[in-house]
Amino acid sequence: MAETTSTVFQDRRLVLCVGPGGVGKTTCAAALGLHAAAQGRRVVVVTIDPARRLAQALGLESCTPGEVVPVVREPGVHLDALILDGAKVFESIVRDNASTAQTAETILNSRMYQATAQRLSGALEFAAMARVQMLVDAGAHDLIVLDTPPTANAIDFLDAPKRVRELIDNPGARLLAGTGRFGARILGLGSSVLSKTLETIGGGQFIGDLGVFLREFADVLEEFHRRGGNFEQLLRSRATGVLLVTSASTFSVREAEAFSSQLAAYGLRVDAVVLNRIDKTVPEPPPKHQLEAVLRSGAAASPVAADTPGVDQVQRIYTAYAGARALGERTRRSIEAISSSRANLQVWTASRRADPPDTLPELRELGAEIFG
Ligand SMILES: Nc1ncnc2c1ncn2[C@@H]1O[C@H](COP(=O)(O)OP(=O)(O)O)[C@@H](O)[C@H]1O
Ligand SMILES: [Mg+2]
């Protein structure tokens, strides 16, 4: 049902879910996708590592990785999902851009390609961008929610286009650096070094591969470069929004600030923060006489302990209350601090569920709590 009030990330075409590992990025990406789809937008969630039950809920469990899968198709609600498959993304770029089908096969089968595709640091991140760019170009969705890879910091992800650019600017050195130290020396082609190197890495076949690779891969690299550039533009434009997901327990204002400044260096702004798995605020403990009465009635019901509640017992309960309330208070202060850290920063919270929210109804409910 489309809402008339303002919708989440209304003017965004792409929303990146960033944050440390294990905080609930994938879960929140799915919840956001469902929520935005219910508001009438055609949404696709690009996810990296859904837990098994979440993958099941999204219908991704037995899908072909990399393919868009319909998740919800109801009148006015359109949600798709896909699991990113880095290798497939690279492969499709090679196939689409090599001069001939034969060349594409040669590239894909070359050891250079295989080594590079695997070892290019940030390869998964780059694949994510390339796949998103394909989705943007295809134009079938109003909103793409990208669950970023579980890297320790945002930079790894945002650096991917730059890394590819470096690859283009100095392909020999970079590619070879990706295949180990020996490679860099081959380009120098000192003959003794060369023969030694050939022995070490397995002979002339490799050199042959290298020649083909450098010759044929140039066009493909250009395409990688173009996509990286497009993606950088998209990232920096108003069309991209950033949702920082973090947990209340590991959360520190510092961490969020560090994230924000890293992203700012790329012209990106954190639009909103989700503090996930917030524990419910513990109420004041009951007054002493009431607590004693409760303990007595509990003791009366129990055949073993019929004593009046000891001072210790009451005290322990008060201590437990105090501890839990202090945690709640700390969370509240974190929320306040992050909320006031920057104007226009939206801060949302999601309470801790007893069971992982990994069915569509649970994710809908989570989405309503966070974004509703
Ligand atoms: N609000 C919540 N309450 C309870 N469990 C949650 C909540 N959010 C996420 N989880 C669970 O926490 C685990 C990690 O979540 P996930 O989305 O995979 O994190 P990430 O993608 O950041 O690594 C999953 O088992 C998920 O179901
Ligand atoms: Mg995840």
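Excluded from the calculations below are hydrogen atoms, water molecules and symmetry mates; all remaining heavy atoms, backbone and side chain alike, are included. Whatever order the structure lists them in is the order used to number ligands and atoms, beginning at 1.
Ligand 1 does not have Ala51 within reach: every non-hydrogen atom of the residue lies 4.0 Å or more from it. Ligand 1 is never approached by Ala30 to a heavy-atom distance shorter than 4.0 Å.
At a cut-off of 2.8 Å, Thr26 is counted among the residues with an N, O or S atom near the Mg ion (ligand 2).
Take Phe9 and apply the ring-ring contact (aromatic ring centres under 6.0 Å, His included) test, not counting sequence neighbours, and it matches no residue. Listed by chain and number, the residues in a side chain to side chain donor-acceptor pair (under 3.5 Å) with Thr349 amount to none (sequence neighbours excluded).
Here the CG atom belonging to Asp147 is positioned 7.0 Å from the NZ atom belonging to Lys25, to the nearest 0.5 angstrom. In this structure, Ser334 OG and Ile278 CD1 are separated by 8.0 Å, a value rounded to the nearest 0.5 Å.
Here is the list of ligand 1 atoms found below 4.0 Å of a heavy atom in Arg352: 3 (N). Close approach of ligand 1 to Lys25 is summarised as follows: ligand atoms under 4.0 Å from at least one heavy atom of the residue are 17 (O), 19 (O), 20 (P), 21 (O), 22 (O).
Contacts between Ala350 and ligand 1 below 4.0 angstrom, taking non-hydrogen atoms only, are absent altogether. Contacts between Asp358 and ligand 1, counted as non-hydrogen atom pairs separated by less than 4.0 Å, are absent for every part of the residue. Contact annotation: for Ala354 versus ligand 1, there are no heavy atoms closer than 4.0 Å.
Other residues, nucleotides and ligands place no more than 12 heavy atoms under 6.0 Å from the CG atom of Asn344. Within 6.0 Å of CZ in Arg73 there are more than 12 heavy atoms belonging to other residues, nucleotides or ligands.
Residue Val23 places at least one N or O, backbone or side chain, under 3.5 Å from an N or O of ligand 1. Ligand 1 has no N or O atom lying under 3.5 Å from any N or O atom of Cys28, backbone or side chain. On a distance-only criterion, Arg277 and ligand 1 share at least one N/O pair closer than 3.5 Å.
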* Give the C-alpha distance, both sets of side-chain angles, the deciding distance and a yes or no for side-chain contact (heavy atoms from CB on, under 4.5 Å) between Val69 and Leu58. => CA-CA 8 Å; Val69 174; Leu58 297 175; over 6 Å; no
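Side-chain N/O atoms of Glu362 and Thr359 include a donor and acceptor closer than 3.5 Å.
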